[in-house]
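Notes follow once the structure below has been shown.
Residue numbers begin at 1 in each chain, while the letters A, B, ... track the order of the sequences.
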Amino acid sequence: MLLAGYTFRNLCRARELLAGSPEEHLSIKSIAREVAISPYHFIRQFEAVFGMTPHQFRIQSRLDRAKLLLALGEHSVTEVCMEVGFSSLGSFSDLFTRKFGSPPSAYKRRARSMVQVPGNFPQELFPGCLSLMGALPAAAFRNFQEARPFPLR
Amino acid sequence: MRIKLTSLMVDDQDKALKFYTDILGFRKKNEFPAGAYKWLTVVSPERPDDIELSLEPNANPAAKTFQQAMFEQKIPLAAFEVSDIEKEYARLASAGVVFTTKPTRMGPVTIAVLSDTCGNLIQLYQPTI
C-alpha cells in the first residue's frame, strides 16, 4: 500500500493523541474523526503502519509510562495505575506482567534497589542492546560458515 | 577495523523478527536472552556472513523520543540495497507493507521507503549506474 503524505501525517497525529494524557481520553472513533479517516480505514491503516491496532498502541503507551513512573519510585502501584489511565488495578497488573514478565510491585522493588541516584536509570532497566554484548556466548560471534557442524558440499 | 554489526531500534523484538524475516526475507542469525530483552540479529540470505543487523529494543525513553521524531519527519533510519527495486516494491506491497515513497529515481539511485511496523522508516535503494 502506498500511503499519501496527508494520511501519513494524520496517522502520526493519531499516534500522538493515543499516547496523550489519560484525562483527555478520546475514543478510537473520535480520534479517527479528528484525523479525518473513517474508523474502519483508520484501524486498518494504523495497524499496517505501526504493527498494532490503535487500542493496542494505547495500552502499550500506558504500560511504558507506568514502567517509567514505577522506576522513579515516587508513587504507589495503585497511584501509577490510575495516573496512566487504567481504572482496574487487576487488569493493569495482568497486562504489565504479560508485557514485562513481572508484576508492577516486583518491578518497582527491583527498580528501587537499582536506582541509586534519583532520575538516573541504570542500564539494566533501560538497556541498549549493544552494551549486553559481553554477556553473550562465543557462538554469537561465529559466522555461519564456522558455526556449521559439517562443511557444506 | 571492520563494519560487521549495526543496529536498529524496534518497539517489539518478536514483531520485528517476524517482519524482518517473514516479510523482508532476512535470516535470523542470533537470538539469546538478555534480561527482559534479547540479543537478536538478522543477516541477508544473499550474504549470511556479511554484516549483521541487531534488532535492539527501544526501551530507553530517549530512544523512543528520537525514533518517533525521525519517523514523523519521514527520515529513514536504515537503507538496504536491492537488485530490482520494482520487483521488491511489488512483492512487499502485495504482502501488506506500507510504503511512504514508491520507487523514485534520485540521481544515481532509485529509492523507495517503507514502514517496518516497529517504529522505523526503511529506505530500499537500487543503484542505477
What distance separates Asn58(B) CG from Asp64(A) CG, expressed to the nearest 0.5 Å? 8.0 Å
Non-hydrogen atoms of chain B under 4.5 Å away: do they reach the side chain of Arg65(A), the backbone, both or neither? neither
Just checking heavy atoms, which of residues 78-91 of chain B are less than 4.5 Å from chain A? Tyr89(B)
Hey, any chance Tyr107(A) and Val80(A) share a hydrophobic cluster, counting ILVMFWY side chains that come within less than 4.5 Å of each other, even indirectly? yes
Toward chain A, the part of Thr101(B) with a non-hydrogen atom under 4.5 Å: backbone
Using the rule that Ile, Leu, Val, Met, Phe, Trp and Tyr join whenever any side-chain heavy atoms are under 4.5 Å apart, tell me whether Ile75(B) and Leu3(A) fall into a single cluster. no
Side chains of Met1(A) and Val97(B) in contact at under 4.5 Å (non-hydrogen atoms): no
Counting only heavy atoms not in Glu46(B), do more than 12 sit closer than 6.0 Å to its CD atom? no
Please look at Ser7(B) and chain A and tell me whether the side chain, the backbone, both or neither of the residue comes under 4.5 angstrom of a heavy atom of that chain. side chain
Looking at Lys74(B), I'd like to know if its NZ atom is crowded, meaning that more than 12 non-hydrogen atoms belonging to other residues, nucleotides or ligands lie closer than 6.0 Å. yes
Please name all residues satisfying side-chain hydrogen bond (donor to acceptor under 3.5 Å, both in side chains) with Ser38(A), sequence neighbours left out, ordered by chain then number. His41(A)
Can you tell me how far the CG atom of Leu68(A) sits from the NZ atom of Lys64(B), to the nearest 0.5 Å? 8.5 Å
Applying a strict 4.5 Å limit to non-hydrogen atoms, the region of Lys102(B) in contact with chain A is both
Considering all heavy atoms of both residues, which atom of Ala48(A) and which atom of Thr117(B) are nearest to each other, and what is their separation? O-CG2, 3.5 Å
Could you give me the CA-CA distance, side-chain angles and deciding distance for Phe71(B) and Phe50(A), then say whether ring-ring contact (aromatic ring centres under 6.0 Å, His included) is met? CA-CA 11 Å; Phe71(B) 189 90; Phe50(A) 298 115; 5.4 Å; yes
Side chains of Arg9(A) and Glu72(B) in contact at under 4.5 Å (non-hydrogen atoms): no
So Val98(B) and Gln45(A), side chain to side chain contact (heavy atoms under 4.5 Å, CB included) or not? Walk me through it. CA-CA 9 Å; Val98(B) 172; Gln45(A) 289 176 339; over 6 Å; no
Is it true that Val84(A) and Phe57(A) fall in one hydrophobic cluster, defined by side-chain heavy atoms closer than 4.5 Å? no
Would you say Met52(A) ends up clustered with Met9(B) if hydrophobic residues are merged whenever their side chains have heavy atoms under 4.5 Å apart, either directly or through other cluster members? no
Please check if Leu77(B) and Val42(B) belong to a single hydrophobic cluster, counting links between Ile, Leu, Val, Met, Phe, Trp and Tyr side chain heavy atoms closer than 4.5 Å. yes
Given a strict heavy-atom distance threshold of 4.5 Å, which part of Gln68(B) is in contact with chain A: side chain, backbone, both, or neither? both
Interatomic distance, CG@Leu2(A) vs CZ@Phe99(B), rounded to 0.5 Å, equals 9.0 Å
Give me the atom names and distance for the closest heavy-atom approach of Ser115(B) to Val49(A). OG-O, 2.5 Å
Counting only heavy atoms closer than 4.5 Å, note whether Leu5(B) contacts chain A via side chain, backbone, both or neither. side chain
Engaged part of Leu121(B) at the chain A interface, taking heavy atoms whose separation is under 4.5 Å: side chain
